[in-house]
There are 2 protein chains.
Amino acid sequence: MWDFKYLQSAEKYNEAEMKTRDRILEMTLKLFNEEGVAKVSTNRIADELGMSPGNLYYHFKSKEHLVEWLLRRLESDLTPFMQSGDTLVALDDMWLSLHLSFEVIEKYRFIYTDVDFLLHEFPRCGERIRNMTLSAVETARTVCSNLARSGVLKAEGAEIDDLAFQIVFTSTCWSTFSRLLSQQDASAPGYAAYHVLTLLSPYLVEDQRHYMNYLRGKYLK
Amino acid sequence: MWDFKYLQSAEKYNEAEMKTRDRILEMTLKLFNEEGVAKVSTNRIADELGMSPGNLYYHFKSKEHLVEWLLRRLESDLTPFMQSGDTLVALDDMWLSLHLSFEVIEKYRFIYTDVDFLLHEFPRCGERIRNMTLSAVETARTVCSNLARSGVLKAEGAEIDDLAFQIVFTSTCWSTFSRLLSQQDASAPGYAAYHVLTLLSPYLVEDQRHYMNYLRGKYLK
DNA sequence: GTCTATATGCGGATAGAC
DNA sequence: GTCTATCCGCATATAGAC
């Protein structure tokens, strides 16, 4: 009987805690994306939530932990794409996968626009970002190899390596560059996909290139 | 007679002042590059120079002014390359121009690695960086057009625009990405040139592509 | 030009009451 | 879980003596 009550109250306890934790993480993500990690203080985050700084620190014991948990979320949101390397054999599959992963990246864009700050300020987070990026290169290489094997892509050896590298480079740095070029930047994820497809374009076999130009065109309304 | 003396002393005054100003700017550049604008305080810069904070503020009345003067230097170091668009008709010329401008960019890399912070913290500087980048795109477009006209490059219209855009994107963001991938990063400017040449590669006419692969190869010791 | 001393405020983070 | 109050340190920037 009180077992049940205990469980209930434990559940309630967790639910409430998770709710506050999530509210904090969501506000943190919003502010970090909008104003940058360096400029947004923990006090500021608490303020915007109508919450005391003490309470925020009850849930996350340092600013670094806020970054770390957001990074975990990014990692887990990207996992499906990182594991799909071998299932992508057609251009269509690859395009969809790219497009969806850019939406994830755009959601956590501060990780990329503030990467240099994170590298210096929170080395442990920097290490995670580095590892994530390195395995993204591996995934991209696998995808390109498979596209080449299935005859969609005409590239070999070093060309594939360079291509995979440039795809990840573009994915990683695009938000920084697009924010530099214009303050209002709603269309950023679409253009990232556009530019990655542009990188692939010259290596595609003729008929696939036409199809891809059709896909690319859709990003330029 | 005291006219002369007056001039002399005015000169001395300026020499001394310029020397201190330059020492400050050089140390600032070094520290900003190594640790980021957000992390390096004006007190820290003064400390490293064995100088008082008051003295530093006598020469530069705010942190923003330090950034602004370094930005001016970057702009003036890049000017020759920005104006050379129409004189580059061979691949060789373009390559050399690229290589040299990457050395300049690498020298002021903090401008690029901290661009998002600068955009938020010092909007006036952000505006300058944006304008600089936009005119770099214009220059790149001119260069690509000329290479196409002289038969080195096989590209037209939208392809040239995309290419120019990607060249500037790569130049701008390369240092951020290379720093993400490895802490020790001496070879960064070389690799930036390598990747820009890789972007051009598929659009070059046959014989030029072989020559360019030779150039690219030199970056991979 | 350069220094010492200092104003002023905000940053991250903690203690202890409720 | 949440709040109030607060510690401590460092940041930018200035005043005024030398």
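In the text below, chain A, chain B and the rest are named by the order of the sequence lines, each starting its count at 1. Atom set for the values below is all heavy atoms of this structure, side chains included, hydrogens, waters and symmetry mates excluded.
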Starting at [atom1] of [X] and ending at [atom2] of [N], how long is that distance when rounded to a whole Å?
{"X": "B:L66", "N": "D:dA11", "atom1": "CG", "atom2": "C1'", "result": "14 Å"}
{"X": "B:D47", "N": "C:dT4", "atom1": "CG", "atom2": "C1'", "result": "14 Å"}
{"X": "B:F117", "N": "D:dA11", "atom1": "CZ", "atom2": "C1'", "result": "11 Å"}
{"X": "B:F60", "N": "D:dT12", "atom1": "CZ", "atom2": "C1'", "result": "16 Å"}
{"X": "B:E121", "N": "D:dA11", "atom1": "CD", "atom2": "P", "result": "14 Å"}
{"X": "B:I45", "N": "D:dA13", "atom1": "CD1", "atom2": "P", "result": "11 Å"}
{"X": "B:F122", "N": "D:dA11", "atom1": "CZ", "atom2": "P", "result": "14 Å"}

Under-3.5 Å N/O pairs linking protein and nucleotides 3-9 of chain D:
| residue | atom | partner | partner atom | Å |
| --- | --- | --- | --- | --- |
| D:dC3 | OP2 | A:S52 | N | 3.0 |
| D:dC3 | OP2 | A:S52 | OG | 3.1 |
| D:dC3 | OP2 | A:N55 | ND2 | 3.3 |

>> What verdict does the ring pair (Phe, Tyr, Trp, His ring centres under 6.0 Å) test give for A:F165 and B:F177, after you've listed the backbone C-alpha separation in whole Å, the side-chain angles of each residue and the deciding distance to 0.1 Å?
In response: CA-CA 11 Å; A:F165 196 83; B:F177 193 66; 5.6 Å; yes

Would you tabulate the pairs of protein nitrogen or oxygen atoms and nucleotide nitrogen or oxygen atoms of nucleotides 9-12 of chain C closer than 3.5 angstrom?
| residue | atom | partner | partner atom | Å |
| --- | --- | --- | --- | --- |
| C:dG12 | OP1 | A:K63 | NZ | 3.1 |
| C:dG12 | OP2 | A:T42 | N | 2.7 |
| C:dG12 | OP2 | A:T42 | OG1 | 3.0 |

>> Test of understanding: with salt bridge (charged side-chain N to carboxylate O under 4.0 Å, His left out), list the residues that count as partners of A:E159, not counting sequence neighbours.
In response: none

>> Going by ring-ring contact (aromatic ring centres under 6.0 Å, His included), name the pairs with one or both residues in residues 110-138 of chain A, residues two or more places apart or in two chains.
In response: A:F32-A:F110

> Which pairs, with at least one residue in residues 63-73 of chain B and sequence neighbours excluded, count as a side chain to side chain donor-acceptor pair (under 3.5 Å)?
Replying inline: B:D22-B:R73, B:K61-B:H65, B:S62-B:H65, B:E68-B:R72, B:E68-B:R124

>> Minimum heavy-atom separation for B:L197 and B:M212, please, with both atom names.
In response: O-SD, 3.3 Å

> Under 30°, 30 to 60°, or over 60°: which ring-plane class applies to B:Y191 and B:H195, parallel, tilted or perpendicular?
Replying inline: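 Because their plane-to-plane angle lies in the 30° to 60° range, the rings of B:Y191 and B:H195 count as tilted.
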
> Looking at A:W174 versus B:F169, is the centre-to-centre ring distance below 6.0 Å?
Replying inline: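 A:W174 vs B:F169: aromatic centres under 6.0 Å.
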
>> Restricting to side-chain hydrogen bond (donor to acceptor under 3.5 Å, both in side chains), what partner residues turn up for A:W95, sequence neighbours left out?
In response: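 A:W95 satisfies side-chain hydrogen bond (donor to acceptor under 3.5 Å, both in side chains) with A:Y219 once adjacent residues are dropped.
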
